[in-house]
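Order of listing sets the numbers, starting from 1, for every ligand and every atom in it. Note that the numbering runs from 1 along the sequence shown for the chain. The figures here come from the full heavy-atom set of this structure, side chains too, leaving out hydrogens, waters and symmetry mates.
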Amino acid sequence: MSAINTIRTIRKIVTGSAQVDGAGVKLVRVIGRNDTQEFDPFLMLDAFDSRNPDDYTKGFPWHPHRGIETVTYLISGDIEHSDSLGNKGSILDGCCQWMTAGSGILHQEMPQSSERMLGVQLWLNLPRSDKMTQPQYRDISAAMIPRVQEQGAVVGVIAGHYGQATGATQGDYVKTLFLDVALEPDSEWQLPTTQEATLFIYIVAGAGYFANDTQNVIASHQAVLFEQGEQFVARAAGQGLRFLLFSGQPLGEPIAWGGPIVMNTREELQQAFRDIEDGTFIRK
Ligand code: MN
């Protein structure tokens, strides 16, 4: 007899709040400052979904980051970016940009007018030992993301492993599982998970049921954080279900957060802002 895996139950459902950030971009901050304990190692999730370019084309002009990774994934849209390392490019439909700010980067992220801008930006914390690592950009094109076809499901593997599929990255610092899961109406999908890892999803379309709950349907544009456990179970409602799944081991380290910079202590934060004033922020 094999042991029955413990199914991850719902810990909380998060809707987030409408906010304006950058030079005037309307977005939904799904998780943020008040959630860092529960969502560790994830710091922030911003969601974009707009058919009105006025909501987003003002963009995020030049700004610094240190101590984190930003992971931008677009289901549809077009974000032009450039940075202090000399990188320049566009994030397009189905593409992901994995940016390690490390010791410091200056960049700008400018969404271009498109039929629909639908996507997310995740902030992933860096471990204390890697906060000041070398900055790096990783452009992950749609073609680099394996899309695993199964009965009733298509699973995009952006980061980590899923079955036999290896994602475009594993996460160099925090090993991260990042999946884009699309389920046909009424189909069920299960994922074996590491017991202690933090796991949450963000529903981008449709609605579904989770764990053993067959009563309470959860609709799109909400995040769901799950309790620890060995098995994640989702079932699509009648209109189908598409969600992004994020999982990683908690860091359990102190967080000192100042705008675009996230360090472990107040002193490190103050140092970062002094470096910006002194012009020594970018180390190369
Ligand atoms: Mn940024």
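For the residue pair Trp98 / Glu69, a side-chain donor-acceptor distance below 3.5 Å is found, with atom types taken as modelled.
Taking the six-membered ring for Trp and the full ring otherwise, the centers of His107 and His63 sit less than 6.0 Å from each other. A centroid separation of 6.0 Å or more is found between the aromatic rings of Phe246 and Tyr202.
For Arg266, the CZ atom is loosely surrounded, since the number of other residues' heavy atoms within 6.0 Å does not exceed 12.
Protein N, O or S atom count below 2.8 Å of the Mn ion (ligand 1): the structure gives 4.
Listed by chain and number, the residues in a salt bridge (Lys or Arg N to Asp or Glu O under 4.0 Å) with Arg11 are Glu38 (sequence neighbours excluded).
Ring-plane geometry between Phe232 and Phe210 is classed as tilted, the angle between the planes lying from 30 to 60 degrees on a 0 to 90 degree scale.
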